[in-house]
Number of protein chains: 2
Amino acid sequence: MGDPGGTGSSDGPGTPARRLKRPTMSDVAARVGVSQALVSLVFRNQPGASPDTRRRVFQAAEELGYRPDTAAQLLRRTRSRQLGVLFTMRQPHDVGIVEALYPAARKHGYTLVLNAMVATRGERQAMEELLGLRSEAVITIGATSSWQHLTTGATRTPIVEINPRTRAAGVDVVRTAEHKGIRQAVDHLVALGHRAIAHIDGGTMPAAAERRRGYRAAMRRHGLADHIRVHPGDYTEESGARVARDLLARAQLPTAVIAGNDRCAHGLLGTLLRAGVRVPEDVSIVGYDDSQLARLSFIDLTSVRQEAAESAELAVRAAAERLDEGRTADRDIVLDPTLAVRGSTGPPRTRSTPDGDLLR
Amino acid sequence: MGDPGGTGSSDGPGTPARRLKRPTMSDVAARVGVSQALVSLVFRNQPGASPDTRRRVFQAAEELGYRPDTAAQLLRRTRSRQLGVLFTMRQPHDVGIVEALYPAARKHGYTLVLNAMVATRGERQAMEELLGLRSEAVITIGATSSWQHLTTGATRTPIVEINPRTRAAGVDVVRTAEHKGIRQAVDHLVALGHRAIAHIDGGTMPAAAERRRGYRAAMRRHGLADHIRVHPGDYTEESGARVARDLLARAQLPTAVIAGNDRCAHGLLGTLLRAGVRVPEDVSIVGYDDSQLARLSFIDLTSVRQEAAESAELAVRAAAERLDEGRTADRDIVLDPTLAVRGSTGPPRTRSTPDGDLLR
DNA sequence: TTGAAAGCGCTAACAG
DNA sequence: CTGTTAGCGCTTTCAA
């Protein structure tokens, strides 16, 4: 092996990046003996070339190792048909949405350009790049809208925000009816006989405020206002673990806890189990997201489900409506979550303590 | 709010994608009263424009909402200075590498183009797209090299594979000395007094074969050939959970298990804990990757560490060497892992069973 | 069914 | 310091 296709070692060190030019459409055209424009036709599957020509074009392309140049296509085409995606890789549910975005985009005739938000590269810079790459619209997942000002002016790129952390005007939003999800969780626990139901919130994370409000409202609806306990947290395992340690240090545990998301629930569950607390016998736990984590056999977490595929499809559709159908009014799409009941919730143990009220 | 920047609602439905043309360099140039080329200079921070001109150019650009067009830059520039990244979002360690790739690329003057491998879009298609986007080189993470044939011919794009699943010629590889990692794990366990040390392998996943071989070799080196037990698995939590259930069904548990990666160890740990087995008192567990999972307080997994940042830096450097220094010979870069000792390993309980040998 | 020609928005080389 | 010129590789329109 070593050097297929080339007299090769004429590059020595000190010869930066002198690679053979990659073949262009004109090269293919020349080889077949047709015009370059016709080759373009063939590659775009447009009518107007004889079957024989098509065959010869493809064959020549193959022989030359020709590959269409996206930059040139993008530059010349009226539409890029690309959607930018701004996402984080650390939340399992967000990853699920990204994965679901691929088929959704394809269905609407779009292609995806990913851009991750990582610590060393803010949301803002990522958005900037996406816009430079001719994304016709940008879909953000769990972002903070801190780039709002970037997309002002005459050429406003449509933005669709999935589960945004903050609310912004002039964009489409696809989100979950968080209060309904939380209410289902509370209803489920109350139906099992729980009263002391605590909540670990998500601080400033996406949707955390609504989940917190939903929890309070649902508790009050059941006449359990006195049992409302909100423990500050975020969407990480360690915040769940920390709350677990706090709870363990107290005289009484609540009989049930609704975590801000699955990762937080995981930390709570793991820490409680380690301490010898049984789940759900001693404490019931509910997560949020119904991510892959929740479905693991040894975690088996009751969790509020938001369909990633549905969010993805609706987000792409919202973008397509602006782009292809000229919609200009903002859309606020709210999805109803459902509760996936699993093994982490069950009836509370009726304690034989003299004081009848738990965690009072 | 509703319609900032525009007389607005002249688009109605049925007017697909009629957005105002975005401003170009010429527009900026016209507004300032200089040539377009000069604006280009300014934006590239090249010498050759007066401070005053620069200021005015930037101001005009700001007012117009001008943003450089990447497609045009890419098309015209001799070099794209873009590196394609082919990755999966489901392995925590791989995500860590992607994150580390951003600063590494910037340091060498490159930009990253991400392309995820998801179920509905094979490795091959992802690689195809990356090449179309003018990536000067492609870095893959945990891939199978199934795209090998795509990059043949005269214009070979350099490929750097981080922790590949299969071995290929004509590419650079950055990988871990797996046998050393496993050996450290075995040494650590043996030093603690363990003899019955089992291994859950990773099937066809990246590096699994070498870890398996390394395990066998290390066990033999300690004269523990009779205790070699390889349980088939993969790199998911459920495979660890399944092995845990298998082990629990037997008379004797091994005193220690080395899992194929952290996710697998997590499944093993979680399932054993649920069954009332204590870790590390009854069973010690070692993971592999030292991912964020391993560091969680309630998991606290002894694990073989591979530095994501180091892999990322070396991969970018390998690409840069080919691109900027004309290297043509393949490189095989092997990193030494270290063992991060945490709470999931400890001395085995000396059992009071008449038979002195465990799991015989 | 095919071809010619005109650019997309920018960079790079040169000339003033 | 600034302007002119010539394309990058492709799509699009118009003619043949």
Side-chain angles (χ1 to χ4, degrees), chain A residues 16-17 19-57 60-61 64-82 111 131-136 155, chain B residues 17 19-57 60-61 64-82 109 111 131-136 155:
Chain A
R19 322 194 70 74
L20 288 69
K21 205 174 74 58
R22 59 192 265 185
T24 70
M25 268 192 178
S26 305
D27 297 332
V28 177
R31 187 173 241 262
V32 179
V34 295
S35 78
Q36 175 262 15
L38 193 54
V39 175
S40 173
L41 259 186
V42 170
F43 266 88
R44 279 175 293 143
N45 263 319
Q46 297 272 92
S50 68
D52 184 56
T53 307
R54 280 181 202 281
R55 202 186 37 68
R56 287 163 59 217
V57 164
L64 259 47
Y66 168 76
R67 191 189 319 282
D69 184 319
T70 312
Q73 291 179 322
L74 233 45
L75 183 58
R76 196 54 181 80
R77 256 206 273 266
T78 19
R79 304 273 313 264
S80 77
R81 301 212 69 92
Q82 287 195 327
T111 272
L131 295 175
L133 283 166
R134 297 206 167 190
S135 301
E136 294 191 18
T155 54
Chain B
R19 322 195 70 73
L20 287 71
K21 205 175 74 60
R22 60 193 265 183
T24 70
M25 268 190 179
S26 306
D27 298 330
V28 177
R31 187 171 240 262
V32 179
V34 295
S35 80
Q36 174 264 14
L38 193 54
V39 176
S40 173
L41 263 186
V42 171
F43 266 88
R44 280 175 290 144
N45 263 319
Q46 296 273 92
S50 68
D52 184 57
T53 307
R54 281 181 201 280
R55 203 187 36 71
R56 288 165 57 218
V57 164
L64 259 47
Y66 168 77
R67 191 189 316 285
D69 184 320
T70 313
Q73 291 179 321
L74 232 46
L75 183 59
R76 196 55 183 82
R77 256 207 270 266
T78 20
R79 302 274 313 264
S80 77
R81 301 212 70 91
Q82 286 196 327
T111 271
L131 295 176
L133 284 166
R134 298 209 165 186
S135 301
E136 295 191 19
T155 55

Taking A:Asp27 first and then A:Arg31, would you say they form a salt bridge - that is, a charged N and a carboxylate O separated by under 4.0 Å? no

Determine yes or no for a side-chain-to-main-chain donor-acceptor pair under 3.5 angstrom, with A:Thr70 supplying the side chain and B:Gly132 the backbone. yes

Among the nucleotides D:dC10, C:dG3, C:dC10, which one has an atom lying closest to any side-chain atom of A:Gln36? D:dC10

Can you tell me if A:Arg134 uses its side chain to pair, donor with acceptor, with the backbone of B:Ala71 under 3.5 Å? no

Send over the distance from A:Arg79 CZ to C:dC8 C1', rounded to a whole Å. 16 Å

Close approaches to DNA chain C from residues 39-47 of chain B, in residue order (heavy atom, under 4.0 Å): B:Ser40, B:Arg44

Position toward the 5' end of DNA chain C (nearest nucleotide), A:Ala72 or A:Val34: A:Val34

At their closest point, which heavy atom of A:Arg22 faces which heavy atom of B:Leu131, and how far apart are they? NH1-O, 3.3 Å

Min side-chain heavy-atom separation A:Val34-A:Thr53 under 4.5 Å: yes

Starting at CG of B:Leu38 and ending at C1' of C:dG9, how long is that distance when rounded to a whole Å? 17 Å

Taking 4.0 Å as the cut-off, does a side-chain nitrogen or oxygen of A:Gln73 come that near to OP1 or OP2 on D:dC10? no

Would you name the heavy atoms of B:Phe43 and B:Val57 that are closest together and state the gap between them? CE1-CG1, 4.0 Å

Tightest non-hydrogen contact, residues A:Pro47 and A:Leu41, listed as O-CD2, 3.9 Å

N/O donor-acceptor pair, side chain A:Arg76 with base D:dG9, under 3.5 angstrom: no

Between D:dG3, C:dG3, D:dG9, spot the one nearest the side chain of A:Thr24, thanks. D:dG9

Here the residues of residues 49-57 of chain A within 4.0 Å heavy-atom distance, strictly under, of DNA chain C are A:Ala49, A:Ser50, A:Thr53

Answer whether the closest heavy-atom distance between the side chains of A:Leu64 and A:Val28 falls below 4.5 Å. yes

Determine whether a donor-acceptor pair (N or O, by modelled atom type, separation under 3.5 Å) exists between the side chain of A:Glu136 and the backbone of A:Arg81. yes

Minimum-distance pair of heavy atoms, taken over all atoms of A:Met25 and A:Val39: CG-CG1, 4.0 Å

A:Leu133 CG to C:dC8 P, straight-line distance once rounded to whole Å: 20 Å

Quick test: give all pairs of protein nitrogen or oxygen and nucleotides 14-16 of chain D nitrogen or oxygen below 3.5 Å, distance rounded to 0.1 Å.
none

Shortest side-chain distance from A:Leu75, nucleotide among C:dG9, C:dG3, D:dG3: C:dG9

From CG of B:Asp69 across to C1' of D:dG9 the rounded distance in Å is 14 Å

Look at the side-chain N and O atoms of B:Thr78 and state whether any lies under 4.0 Å from the OP1 or OP2 oxygen of C:dA12. yes

Length of the line joining A:Met25:CE and C:dG3:C1', which is rounded to integer Å: 15 Å

Which distance, rounded to the nearest 0.5 Å, do you find between the CG of A:Leu74 and the CG of B:Asp69? 7.5 Å

Without decimals, in angstroms, what is the distance between B:Leu74 CG and C:dA12 P? 12 Å

Specify the separation, in whole Å, of atom CZ of A:Arg134 and atom C1' of C:dC8. 7 Å

What distance do A:Leu38 atom CG and A:Gln46 atom CD have between them, rounded to the nearest 0.5 Å? 11.5 Å

Interatomic distance where CZ belongs to A:Arg77 and P belongs to D:dT12 [whole Å]: 7 Å

